[in-house]
Amino acid sequence: MTTLPDCDPLMIRTRFAPSPTGFLHVGGARTALFSWAYARRHGGRFVLRIEDTDLARSTPEAVQAILDGMDWLGLDHDEGPFYQTQRMPRYRAVIDDMLAAGSAYHCYMAADELERRREQQRAEGRKPRYDGYWRPAAGKTLPSPPAGVQPVVRFRNPDTGVVAWDDLVKGRIEIANSELDDLVIARADGTPTYNFCVVVDDWEMAITHVIRGDDHVNNTPRQINILQALGAQVPLYAHLSMILGDDGQKLSKRHGAVSVMQYDDDGYLPEALLNYLGRLGWSHGDDEIFSLQQFCAWFDLDHITPSAAQFNSEKLNWLNAHYLKRAETPRLEALVRRRLEARGVTPTATPSLAAIIELHQARVTTLNELADLAQVFYVDPQPKAELLAKHLTPETLALLGDFVDRLPDIPWEATAIGALIKESVARHGLRMPRLAMPIRVLLTGQEQTPSVDALMALFPRETVLRRLAVAA
RNA sequence: GUCCCCAUCGUCUAGAGGCCCAGGACACUACCCUUUCACGGUAGGUACCGGGGUUCGAAUCCCCGUGGGGACGCCA
């Protein structure tokens, strides 16, 4: 069993507790980010806990995917990862204590019988709930346990009064205990269930602020009741609303819920995703662009929006383009090189990848686009026939031929190339684009490029001569 | 069905009774810059879900309605 640390009772402790049944998606990443930032902001500790009690669905690959995602984003944890499957003896012990104390009891009702009763309650328009058949009570005689049936353990939920908490995002929430039933805390096979493990862990890991998804609001009153039965300190709760897809629909496995690592593959910078996610459902006045450090210094629970937020790819794109513009060249060079090599393109020394990046980084939205543009410098493009037809008219061909003839005689740098372009164009009495466009198309296969003189200067002279000669 | 949550431009949001005939950002449109396209700059249009209250005064507080979401498992 993993040992838990002793900790300062005044220290703020938050946690991120994913269940390893898939990758880390944007919703989970934002929950992790907020939880992490809150701990960082207050000099607290951020705990990572893997909730893998569902043996059938949890996989080591998913654990790794979550770790990879957090690593890519730079969300480091101070403690853990703790695995719930490694804490079974502890849960067992707490359940035994509760059984002994009478705050939990055995229930022998068969699963199909339970389902039958739920159906009936639903049919009668009532909320389906366990009816307390096996719950001990003063003056009540329990039936004798059926032979050969392994019982589940149920928590004895208070049946009167209300459970209330001041949610740090949503405000005060009250739920009547009469709405709750005696939930199962240990299955027939003895394994503890989610709501129970969370309670024991949050308690023993001394979590002070539970920052988690909105979908847990309904679990909160049950967890508080168990915490109180255990005599544990109840943490503060902050429930984050969910993130909807680009189309306003709920994110699901088959609908837009992509792994954060997919954003890496798609050419996004982690700081762009982080900035986007940080601003989604949280605000600091009119500030739109901020670093992780700045976010940590500003982050608070008071400015979290209680309503659901729709993911907007275009704004993410804008942020990514922003960070790309400001990124250091060596960093981009490594990132682009990796992408190029994955495509089987090996950047050579001469058209300098760094120089190519500096010329193009303000023009792209993603690293992949940057790689696309860079690739053209190393692999001869095949300009589309329609582009050639459009820009290589007899008139421009004459101009181009004249220009190419003089290319070997000038110094190979942008200023001289630019001067020759202007001079050639003037001599033929044409406008600049008449020469610039054919050069763009021949050199890159594209109509849109940076200034042609700067572009040409990046290539070795021979490459330019070769690509431009194709037309002659 | 029952319970819970939510509701400002297309989207993310500012706004905690007068500063708001509602501000910022993305997107959009126009213009400028310009060797094309971007980048950058400038300008512009678009929103307080509906109805009742409370108040001298409400986007802000209360109630009802409507709409959206979540939960109701021996899943997490």
Side-chain angles (χ1 to χ4, degrees), chain A residues 17-21 51-54 56-58 84 107 109-111 114-115 118 121-130 150-154 167 169-171 173-176 178-181 183-195 197-198 213-221 239 241-242 244 246 248 250 276 279-289 302-303 305-319 321 325 360-365 391 418 421-422 425 431-437 439-441 446-455:
Chain A
S19 62
T21 55
E51 310 218 322
D52 54 354
T53 53
D54 184 346
R57 296 199 302 147
S58 300
Q84 291 187 323
C107 168
M109 190 172 284
L114 222 38
E115 188 46 43
R118 271 198 277 263
Q121 288 167 326
R122 254 189 279 266
E124 291 167 5
R126 288 185 293 142
K127 188 170 181 167
R129 286 167 36 223
Y130 176 64
Q150 282 300 311
V152 298
V153 178
R154 285 184 185 273
D167 196 277
V169 171
K170 295 176 183 295
I173 298 178
E174 291 186 7
I175 287 159
S178 57
E179 289 297 326
L180 274 19
D181 61 2
L183 75 158
V184 172
I185 58 176
R187 304 179 181 92
D189 65 6
T191 58
T193 59
Y194 165 77
N195 273 114
C197 297
V198 167
D214 212 339
D215 46 335
H216 290 293
V217 170
N218 292 275
N219 291 324
T220 306
H239 286 99
S241 60
M242 54 188 318
L244 271 19
D246 248 327
K250 185 190 174 183
Y276 180 73
R279 187 68 177 76
L280 191 61
W282 174 83
S283 63
H284 184 266
D286 289 338
D287 294 306
E288 295 288 348
I289 290 172
D302 299 333
H303 292 83
T305 314
S307 55
Q310 196 169 312
F311 195 91
N312 185 245
S313 305
E314 287 177 329
K315 189 160 181 181
L316 205 215
N317 285 342
W318 170 71
L319 280 166
K325 260 174 265 174
H360 291 85
Q361 71 188 108
R363 314 169 57 83
V364 297
T365 295
H391 296 290
I421 291 174
K422 288 197 180 75
V425 161
R431 288 174 45 77
M432 187 73 90
R434 302 302 296 277
L435 180 55
M437 294 312 288
I439 293 175
R440 287 195 168 93
V441 170
Q446 307 280 322
E447 286 181 293
Q448 291 97 40
T449 77
S451 294
V452 285
D453 46 5
L455 188 72

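Here is the naming used below: chain letters follow the sequence lines, and residue numbers restart at 1 for every chain.
When the side-chain nitrogen and oxygen atoms of A/Lys325 are compared with OP1 and OP2 of B/G40, one or more of them lie within a distance under 4.0 Å. When the side-chain nitrogen and oxygen atoms of A/Ser283 are compared with OP1 and OP2 of B/A14, one or more of them lie within a distance under 4.0 Å.
Taking atom C1' on both nucleotides, B/G17 is separated from B/U60 by 7 Å, rounded to a whole Å. Remark: the separation of the P atoms in B/G41 and B/A59 is 34 Å, to the nearest Å. Rounded to whole Å, the P atom of B/C19 lies 16 Å from the corresponding atom of B/C61. B/C28 and B/C39 have their P atoms separated by 9 Å, with the value rounded to a whole Å. For B/U46 and B/G69, the P atoms lie 30 Å apart once the distance is rounded to whole Å. B/C33 and B/C48 have their C1' atoms separated by 38 Å, given to the nearest Å. Rounded to whole Å, the C1' atom of B/C6 lies 36 Å from the corresponding atom of B/A43. To the nearest whole angstrom, the two P atoms, one in B/C20 and one in B/C4, are 38 Å apart.
Nucleic acid contact for A/Pro306: sugar-phosphate only, since backbone atoms but no base atoms lie under 4.0 Å from a heavy atom of the residue. Nucleic acid contact for A/Glu51: sugar-phosphate only, since backbone atoms but no base atoms lie under 4.0 Å from a heavy atom of the residue. Nucleic acid contact class of A/Ala188 (heavy atoms, under 4.0 Å, all strands): base. Counting any heavy atom pair closer than 4.0 Å across all strands shown, A/Thr53 reaches sugar-phosphate atoms only and no base atom. Heavy atoms of A/Thr305 sit under 4.0 angstrom from primed sugar atoms or phosphate atoms, though from no base atom. Residue-level contact check: A/Gln310 touches the backbone only, with heavy atoms under 4.0 Å from sugar-phosphate atoms and none from bases. A/Pro450 comes within contact range of at least one nucleobase, with a heavy-atom separation under 4.0 Å. Within the 4.0 angstrom heavy-atom criterion, no nucleotide atom of any strand lies near A/Asp189. If you check every strand for non-hydrogen atoms under 4.0 Å, A/Val152 touches a base. Here A/Arg440 lies in heavy-atom contact (under 4.0 Å) with a base. Heavy atoms of A/Val452 sit under 4.0 angstrom from at least one base atom. Residue-level contact check: A/Ala111 touches the bases, meaning some heavy atom is under 4.0 Å from a base atom.
Atom CD1 in A/Ile175 sits roughly 7 Å away from atom P in B/C5 (whole-Å rounding). Atom OH in A/Tyr194 sits roughly 15 Å away from atom P in B/C74 (whole-Å rounding). Counting to the nearest Å, the P atom of B/G10 and the CH2 atom of A/Trp318 are 20 Å from each other. The NZ-C1' distance, from A/Lys315 to B/C9, rounds to 13 Å in whole Å. The nearest whole Å value for the distance from the CG atom in A/Asp214 to the C1' atom in B/A71 is 11 Å. In this entry the distance linking CZ of A/Phe311 with P of B/G69 reads 20 Å, nearest Å.
Within the 4.5 Å cutoff, the side chain of A/Asp214 has heavy atoms near those of the A/Lys170 side chain.
Between A/Glu447 atom CD and A/Met437 atom CE the span is 4.5 Å, to the nearest 0.5 Å. Once rounded to the nearest 0.5 Å, the distance linking CZ of A/Arg129 with OG of A/Ser178 reads 6.5 Å. A/Leu183 CG to A/Cys107 SG: the interatomic distance, rounded to the nearest 0.5 Å, is 11.5 Å.
If you check B/A27, B/A76, B/C72 against the side chain of A/His216, the one that comes closest is B/A76.
B/C19 makes up no base pair with any nucleotide shown, lacking Watson-Crick or G-U wobble contacts both under 3.5 Å. Under the Watson-Crick or G-U wobble criterion, with both distances below 3.5 Å, B/A38 is left unpaired in every strand shown. Within the shown strands, B/G44 is the pairing partner of B/C28 under the Watson-Crick or G-U definition, both distances less than 3.5 Å. Across all strands shown, B/A71 forms a Watson-Crick or G-U wobble pair, both distances under 3.5 Å, with B/U2. In this structure B/U55 sits in no base pair that meets the Watson-Crick or G-U test at under 3.5 Å. Pairing partner, B/G50: B/C64, with both Watson-Crick or wobble hydrogen-bond distances short of 3.5 Å.
Mapped onto RNA chain B by nearest heavy atom, A/Arg118 and A/Ser451 fall at different nucleotides, with A/Ser451 at the one closer to the 5' end. The 5' end of RNA chain B is approached more closely, in terms of each residue's nearest nucleotide, by A/Ile421 than by the other of A/Ile421 and A/Asp181.
Side-chain atoms of A/Thr193 and A/Asn195 form no donor-acceptor pair, as typed in the model, at a separation below 3.5 Å. Using modelled atom types, one finds no donor on one side chain facing an acceptor on the other under 3.5 Å when comparing A/Thr365 with A/Asn317.
Contact annotation: side chain of A/Asn219 to base of B/A76, donor-acceptor pair present below 3.5 Å. Judged by distance alone, with hydrogens and angles left aside, A/Asp286 brings a side-chain donor or acceptor within reach of the base of B/G23, the pair sitting under 3.5 Å. Contact of A/Asn218 with B/G70 (side chain to base): a donor-acceptor pair of N or O atoms is detected under 3.5 Å.
Between A/His239 and A/Gly213, the shortest heavy-atom contact is CD2-O, 3.4 Å.
Around atom CZ of A/Arg122, more than 12 heavy atoms belonging to other residues, nucleotides or ligands sit under 6.0 Å away.
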